[in-house]
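The block underneath contains the structure these notes are about, expressed in structure tokens.
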There are 2 protein chains.
Amino acid sequence: MDNFTFVDRPDNQRLQLMKDVYSELNSDVVKLFIDFQWTYRNMQKQYDYALDKNGLSESRFIILMFLYHAPNQTLLPSVISEKLGATRATVSKLIKAMEMKGWILKSTSTTDKRSLSVQLTETGNHVLENFLPENFSIVNNLLDSLSSEEIQQLSNLLKKINESTQKYTQEMEK
Amino acid sequence: MDNFTFVDRPDNQRLQLMKDVYSELNSDVVKLFIDFQWTYRNMQKQYDYALDKNGLSESRFIILMFLYHAPNQTLLPSVISEKLGATRATVSKLIKAMEMKGWILKSTSTTDKRSLSVQLTETGNHVLENFLPENFSIVNNLLDSLSSEEIQQLSNLLKKINESTQKYTQEMEK
DNA sequence: TTATAATAGTTAGCCGGCTAACTATTAAAA
DNA sequence: TTTTAATAGTTAGCCGGCTAACTATTATAA
């Protein structure tokens, strides 16, 4: 899932120069936006690295989690796609690769021949259970610097950003 | 640059169930981590969408910015790669596509035949200058919900996260 | 009942990340 | 000076996103 993290970020001076030309530029906001991207990407990079060491990617990990919690540890590709928020085409690829690794089993349904059952295997279970403790530990490490008040604070700020993003999205959809 | 945004995020109940098995799980931190990813991805999705409407991607946009500010609006691919924080292979692809669009001009150096000059064209300039006002406006919209104090607050929190990420990264590199 | 529409999944091909292997050129060392 | 290193860039091929076009099956409507 990994994005580059552009290194040469504009400093205050360069932003000021731009502001001379583009009066609508709000330096503080632009700077915050870039900082937000930067922080996320550095964090995500480390997270992806840890996943990769375990033969995982974030989407593969999440799919394992979905199956883990599913009744009979079984789900349809269409349901996985919906839960994951990715297209069926993407899920189709992921599932195929996971089957090759022996983490899941595919079997066609008898009632609806269009449908497919995706079931977690023992191997898949092990891969997941082996990674979970590391997962929680990494997340703790990455956010280690925040006190519980700060966690609450950040949570509130994120909620606000979600609201404005949501608002903007809705305006665009009109 | 676009990532999926997984839809079925674990709620408090599911996290509690996991905590029964994995005592090292810190629900608040895990929830924050997922919220952070969610917020970033929703925001980025809208940003990418706006870029796309202008025939741009974030990396293409940033490269245009680098060239825009460069002396003689010219840079070497290796320098672009370094500034962008992406590999030369990636930049090679991007540059090729941008040349096809007529946004840049490639010319081999006379002094060092290995080197390549990448120069912004008039067309490239127009594409950039056309997008810039929209760019600033979108960023403002996406972060519209934050007061100036909240901007400062968030900026500080991001800095802290950068610190813990940095610390974790260094530990991993040992 | 038969034709049409909706649904489930796959495939092909694009994009932008990546690594690894390659060519060409220049610089450094023997 | 000649061999070896380093450097600049490209290419091939993997990954995981995407859309659009496809097959097969099931459901709906004429």
Side-chain angles (χ1 to χ4, degrees), chain A residues 1-7 37 40-42 44-45 47-49 51-53 55-63 74-101 104 106-118, chain B residues 1-7 37 40-42 44-45 47-49 51-53 55-63 74-101 104 106-118:
Chain A
M1 155 151 307
D2 299 311
N3 296 326
F4 70 93
T5 306
F6 63 101
V7 171
Q37 291 180 312
Y40 166 83
R41 289 171 194 179
N42 281 321
Q44 188 67 34
K45 197 185 216 170
Y47 189 52
D48 286 335
Y49 180 66
L51 285 158
D52 188 59
K53 275 192 303 181
L56 287 161
S57 67
E58 192 176 309
S59 33
R60 289 202 285 261
F61 170 52
I62 295 171
I63 291 175
T74 302
L75 288 173
L76 302 176
S78 49
V79 174
I80 293 175
S81 154
E82 204 181 313
K83 281 169 167 287
L84 189 62
T87 62
R88 293 193 183 185
T90 297
V91 169
S92 195
K93 262 195 200 177
L94 289 169
I95 289 300
K96 199 177 181 179
M98 290 171 77
E99 191 191 21
M100 298 288 278
K101 284 172 183 277
I104 56 155
K106 281 159 73 168
S107 50
T108 49
S109 159
T110 47
T111 54
D112 185 341
K113 285 176 195 162
R114 290 171 304 182
S115 282
L116 206 63
S117 257
V118 176
Chain B
M1 157 153 304
D2 299 309
N3 297 324
F4 69 92
T5 306
F6 62 101
V7 171
Q37 291 180 313
Y40 166 82
R41 289 171 193 180
N42 281 321
Q44 188 67 35
K45 196 184 214 169
Y47 188 52
D48 286 335
Y49 180 64
L51 285 157
D52 188 60
K53 273 193 303 183
L56 287 162
S57 66
E58 192 177 308
S59 32
R60 288 201 285 261
F61 169 51
I62 295 171
I63 290 174
T74 302
L75 288 173
L76 303 176
S78 48
V79 174
I80 293 175
S81 153
E82 205 182 314
K83 282 169 166 288
L84 189 63
T87 62
R88 293 192 182 184
T90 296
V91 170
S92 194
K93 262 195 200 177
L94 290 168
I95 289 299
K96 198 176 181 180
M98 290 171 76
E99 191 190 23
M100 297 289 279
K101 283 172 183 277
I104 56 155
K106 282 158 72 168
S107 52
T108 49
S109 159
T110 46
T111 56
D112 183 341
K113 286 176 194 159
R114 291 171 304 183
S115 284
L116 207 63
S117 257
V118 176

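Here is how names work: the chains are called A, B, and so on, in the same order as the sequence lines, proteins then strands, and each is numbered from 1. Remember, it's a predicted structure, so these values are computed and weren't measured experimentally.
- Rounded to whole Å, atom C1' of C:dC18 lies 12 Å from atom NZ of A:Lys45.
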Side-chain donor-acceptor pairs of residues 90-100 of chain A under 3.5 Å, sequence neighbours excluded:
{"residue": "A:Thr90", "atom": "OG1", "partner": "A:Thr87", "partner atom": "OG1", "Å": "3.1"}

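- Straight-line distance from the CZ atom of B:Arg41 to the P atom of D:dG16: 14 Å, rounded to whole Å.
- One can place CG of A:Leu94 at 17 Å from P of D:dC14, the figure rounded to the nearest angstrom.
- Rounded to a whole Å, the CE atom of A:Met98 is 13 Å from the C1' atom of D:dG16.
- Neither OP1 nor OP2 of D:dG17 sits under 4.0 Å from any side-chain N or O of A:Thr90.
- Inter-axis angle, ends of the helix from C:dT1-D:dA30 to C:dT25-D:dA6, five pairs per end, rounded to 10 degrees: 30°.
- Judged as a salt bridge (charged side-chain N to carboxylate O under 4.0 Å, His left out), and not counting sequence neighbours, B:Asp52 has no contacts.
- Residue A:Gln44 contributes atom CD, which lies 13 Å from atom C1' of D:dG16 at whole-angstrom precision.
- Under the salt bridge (charged side-chain N to carboxylate O under 4.0 Å, His left out) criterion, A:Arg88 pairs with no residue at all, not counting sequence neighbours.
- Rounded to a whole Å, the CG atom of A:Leu56 is 14 Å from the C1' atom of D:dC15.
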Between the protein and nucleotides 4-10 of chain D, are there any N/O to N/O pairs under 3.5 Å, and if so, what are the atom names and distances?
{"residue": "D:dT7", "atom": "O2", "partner": "B:Arg114", "partner atom": "NH1", "Å": "2.8"}
{"residue": "D:dA8", "atom": "OP2", "partner": "B:Arg88", "partner atom": "NH2", "Å": "2.8"}
{"residue": "D:dG9", "atom": "OP1", "partner": "B:Leu116", "partner atom": "N", "Å": "3.2"}
{"residue": "D:dG9", "atom": "OP2", "partner": "B:Ser78", "partner atom": "N", "Å": "2.9"}
{"residue": "D:dG9", "atom": "OP2", "partner": "B:Ser78", "partner atom": "OG", "Å": "2.9"}
{"residue": "D:dT10", "atom": "OP1", "partner": "B:Lys106", "partner atom": "NZ", "Å": "3.3"}
{"residue": "D:dT10", "atom": "OP2", "partner": "B:Ser92", "partner atom": "OG", "Å": "2.6"}
{"residue": "D:dT10", "atom": "O5'", "partner": "B:Ser92", "partner atom": "OG", "Å": "3.4"}

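- Taking only side-chain nitrogens and oxygens, B:Thr87 comes nearer than 4.0 Å to OP1 or OP2 of C:dC18.
- Within the 4.0 angstrom heavy-atom criterion, only backbone atoms of the sugar-phosphate kind lie near B:Thr111; the bases stay farther away.
- Residues forming a side chain to side chain contact (heavy atoms under 4.5 Å, CB included) with A:Leu116 (at least two apart in sequence, or on another chain): A:Pro77, A:Lys106, A:Thr108.
- Applying the side chain to side chain contact (heavy atoms under 4.5 Å, CB included) criterion to B:Lys113, with sequence neighbours excluded, gives no partner residue.
- Residues that satisfy the side chain to side chain contact (heavy atoms under 4.5 Å, CB included) test with B:Leu76, not counting sequence neighbours, are B:Ser78, B:Val79, B:Ser115.
- Below 30°, between 30° and 60°, or above 60°: for B:Tyr40 and A:Tyr40 the angle between ring planes is below 30°, a parallel geometry.
- Considering all non-hydrogen atoms of both residues, B:Asp112 and B:Ser109 come closest at N-OG, 3.1 Å.
- Against the 90° criterion about 0, the sugar-base torsion of D:dA5 places it in the syn range.
- With rounding to whole Å, B:Asp48 atom CG is found 12 Å from D:dC18 atom P.
- A:Ser117 is linked by a side-chain hydrogen bond (donor to acceptor under 3.5 Å, both in side chains) to nothing, counting only residues two or more places apart in sequence or in another chain.
- As a whole-Å value, the separation of B:Lys113 NZ from C:dA27 P is 12 Å.
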